[in-house]
Each structure stands twice: as C-alpha cells, then as structure tokens.
Amino acid sequence: MASLRPVQGLGCDAAVGSLVPSGSREFKLCSKHTEGKRPLYAISFNFIDARYYDVFATAGGNRVTTYRGLPDGNLAVLQAYIDADDAQSFYTLSWASDLRSTPLLVAAGTNMVIRVINCATGKLFKSFIGHGGSINEIRTQPLNPSLFISASKDESVRLWNVHTGICILIFAGGGGHRHDVLSVDFHPSDVHRIASCGMDNTVKIWSMKEFSPYVKKSFTWTDLPSKFPTKVVQFPLMTCVVHSNYVDCTRWLGDFILSKSVENEIVLWEPKTKEQGHGEGDSIDVLQKYPVPDCDIWFIKFSCDFHFNQLAIGNREGKIYVWDVQTCPPELITMLSSPQCKITIRQTAVSFDGSTFVACSKDGSIYRWDEVEHEAAKN
C-alpha cells in the first residue's frame, strides 16, 4: 500500500490556482428560497435523465424536496417528501432510476435507513436497512443508475441495487476505513472502481472487478434480499494520505481524483497503483491545488457540471468559488457572493451545461445563480 503520509508528488510542485478571478464569465443571483429553519446538507441536479436536466433536489431535516429551475430565474417546487421519522436529518441524496427508467431519489442521514423515493408519485418506494451508523453520502453509478453506493459512520461503504433492494458488497474490514466514511464516488468510466474517504484522513481506492458476477446476479435475484450472498471487500487497491485531517469530499476527474479536507483547498492528484505498472509500490502525484478561503470546517462538499469543466464550492462565509478544473494552473472563474448570504454553504450543484449554480445553506435557504449573457454574445 502507499505510504501513510502526505506525498507532494513525484519531483514536481503542484500548480496552485490564483484567487484573483479571471472574470471570463459573469453570474448573478436570481433567486433565494428558504425551505425552513433546519439546515440543508445536500443539493443535486438530475444528470440521470435528459428529460429532467433542469430539475434538482434538496435534503435537510426529515424532508426531501424537488424543484425545477424556471427560465425567468425563479424556482418552482415540484414535490416534497416528508419522512415519517420526525427526528431524521437527511445528510445526502442522489438521483437514480430502476430498470423501467422511473426517476428515483435515494436519500439517507441520521437514522441509518436509506429511503428510495419514486419521483413520479412522490411516494416512498423502498427502504434499505443495513448500516450501523448515520449515512453521510450516497452516489449513483452513472453508467448503471440502478446501482448506488453509501458511505457511513459505521466505517463501511455498501453497494446496493435500487431495483431489487439487495446489498451486493460491503467495503470494510482488514484494509478498510478506521473512522467515519464521509464521501464516496464511482469512477466515471471504470465500472469496477470506486473511491472513498473519511475521518481517518485517508482516501481509499477499491476494485469490485472480481465480484462482478454478484453485481450481475443482483438484477435477477428473486428470493428475499436478505438471502442474497452479500460479499465483503476487505482490502482496497490503494490507501492514500493526501491530507492531514478529515477528508469529507472526493470525486473522480477521469483517472485523477479531486479531494477536500478542512485545509482551505481542494487537491487534484493521480493515484498510481501497482497494477498500472508504476514501479514496486503504490504512489500518488499531487498535480494541482484549488484554494478555498474560510473552508476550514468539515462537511462542505463541492460539485461539478456534467462534463467536469467547472467546480463550485461554498465556504462558511456564504461565498461560492467557481474553478475551471481543466486549466493548468487552475483558473478561478469567479467568486459569487451576496449580502443575502452570509452563512455556511454546505453543498453546491452545477447544472448540466454549467450555466446555473444552486447552493444550500445552514439556515435552510437555497440560492440560484445564473450566467449573465454578455452583450457581445447577443450580437
């Protein structure tokens, strides 16, 4: 495994982005909507179904709400699911679909139960039980949206089939996380690979390739889900320490990884595992750093547009930093701020084409920013 200490790269310093905005694009605050007094922890556009690219959902308290972004800059409430558990606090949600392409929302939080909501009816579709602690993040497999993974306080990651209700794999044990798992993500093109991170300061890269027959079997299983031969994956391909504190958000960028701690920056790095033929031991190469001032508290999560061109992240002062993730050194496109927003932004979401940003905050508010069409472009 990789050495359990921060690694600065293989002979080259990381390229650090400047905090001076390029001004290449301009955005304006179009609307603010407050759901209630409970914090909103999650917000996400629907990239699963092209019919609903203008639809996003939020999660906080015992409520999951879906919205449509209207052409005039306002928001229209489509549905609100209220969980039967009044004490529930949803921390995460992800869009998914069953084999009939029904739009689904998968949400979870403090009460350890994963709720699957049918967005066609607004009703609860299924509940999944298995985790032994609160659930901090859920992510859907983009190439097969009937599969999702969950990251939990119980130090495990689980792979589920939303169509059959089966827990297929549990990533935990000998080489697993040693504290709460805070974030997890599927590789965008390698269906067998995931990354997870957490309070043990590590990012772990896992492979499920040898268990692919069980993934396939989960779609045709007709017996009770509890009787499925769930497998435990005890050892990751690689354990990396890029940060010196909690790692609360990780996303694949191709074969590279973006990860964030409480160190006022996001880091882009490349994992180099043995199976890739990079020498005797695993290593990492830190490539770029994206500074984010006043982002020194945990559970602030960043997001990207569908094509991974832009990255948006909030901070504890209510500001949103928008980075171009495809440039070297990184380019800060803009910094969004408003007198109306002076409180912690927990999560952002970027629309499919990158023209709209939405953000959810600690005070239960949603903010929508739209790109300003320049006069030159009109002409």
Parallel, tilted or perpendicular: rings of Y81 and F90 (30°, 60°): tilted
T66 (side chain) donor-acceptor with Q79 (main chain) under 3.5 angstrom: yes
R251: salt bridge (charged side-chain N to carboxylate O under 4.0 Å, His left out) partners, not counting sequence neighbours: E137
Short N-O contact, E35 and R63, less than 4.0 angstrom: yes
Check: K204 side chain, G175 main-chain N or O, donor-acceptor pair, under 3.5 Å: yes
NZ (K209) with more than 12 external heavy atoms under 6.0 Å: no
Whether over 12 other heavy atoms sit under 6.0 Å from K28 NZ: no
Donor-acceptor contact present, side-chain E263 to main-chain S244, <3.5 Å: yes
Passing option when D294 is tested against R316, K342, K319 for salt bridge (charged side-chain N to carboxylate O under 4.0 Å, His left out): R316
Qualifying residue for side-chain contact (heavy atoms from CB on, under 4.5 Å) with L258, from W252, Y290, W323: Y290
Side chains of H179 and E155, donor plus acceptor under 3.5 Å: no
Donor-acceptor under 3.5 Å (Q340 side chain, K32 main chain): no
Identify all side-chain donor-acceptor contacts of residues 324-331 below 3.5 Å with residues at least two apart in sequence or on another chain.
from: D324; atom 1: OD1; to: Q326; atom 2: N; distance (Å): 2.8
from: Q326; atom 1: NE2; to: F308; atom 2: O; distance (Å): 2.6
from: T327; atom 1: OG1; to: D324; atom 2: O; distance (Å): 3.3
from: T327; atom 1: OG1; to: P329; atom 2: O; distance (Å): 3.3
from: T327; atom 1: OG1; to: E331; atom 2: N; distance (Å): 3.1
from: E331; atom 1: OE2; to: S22; atom 2: OG; distance (Å): 2.6
from: E331; atom 1: OE2; to: S24; atom 2: OG; distance (Å): 3.2

D305 (side chain) donor-acceptor with Q310 (main chain) under 3.5 angstrom: yes
Summary of side-chain hydrogen bond (donor to acceptor under 3.5 Å, both in side chains) pairs that have at least one residue in residues 345-363, sequence neighbours excluded: S303-T348, S351-D353, D353-S355, T356-D370, S361-D363, D363-S365
Ring centres under 6.0 angstrom apart (Y41, F299): yes
F125 CZ: over 12 foreign heavy atoms closer than 6.0 Å: yes
Linked hydrophobic residues, V191 as query - side chain contacts closer than 4.5 Å: L143
Parallel, tilted or perpendicular: ring planes of H177 versus W206, cut at 30 and 60 degrees: tilted
S146 side chain to V162 backbone, donor-acceptor under 3.5 Å: no
T334 and E26 side chains, donor-acceptor separation under 3.5 Å: no
Distance flag, aromatic centroids of F128 and W160, threshold under 6.0 Å: yes
Sequence-distant partners of D49, salt bridge (charged side-chain N to carboxylate O under 4.0 Å, His left out), two or more places apart: R51
Side-chain cluster (under 4.5 Å, hydrophobic types only) that I343 belongs to, other residues: none
Listed once per pair and sorted, the salt bridge (Lys or Arg N to Asp or Glu O under 4.0 Å) pairs that draw on residues 84-100, sequence neighbours left out: D98-R100
From Y52, F45, F306, residue fulfilling ring pair (Phe, Tyr, Trp, His ring centres under 6.0 Å) relative to F352: F306
Under 3.5 Å donor-acceptor, R158 side chain and G130 backbone: yes
Qualifying residues under side-chain hydrogen bond (donor to acceptor under 3.5 Å, both in side chains), relative to W95, sequence neighbours excluded: none
Listed once per pair and sorted, the side-chain hydrogen bond (donor to acceptor under 3.5 Å, both in side chains) pairs that draw on residues 217-235, sequence neighbours left out: N161-S218
Verdict with supporting geometry, Y367 and H33, ring pair (Phe, Tyr, Trp, His ring centres under 6.0 Å): CA-CA 7 Å; Y367 300 86; H33 173 79; over 10 Å; no
Pairing residues for F357 by the ring-ring contact (aromatic ring centres under 6.0 Å, His included) criterion, not counting sequence neighbours: F27
Contacts of D180 that satisfy salt bridge (charged side-chain N to carboxylate O under 4.0 Å, His left out) - sequence neighbours left out: K153
D200 side-chain N/O to R178 backbone N/O, donor-acceptor pair under 3.5 Å: yes
Residues in salt bridge (charged side-chain N to carboxylate O under 4.0 Å, His left out) contact with D83, at least two apart in sequence or another chain: R115
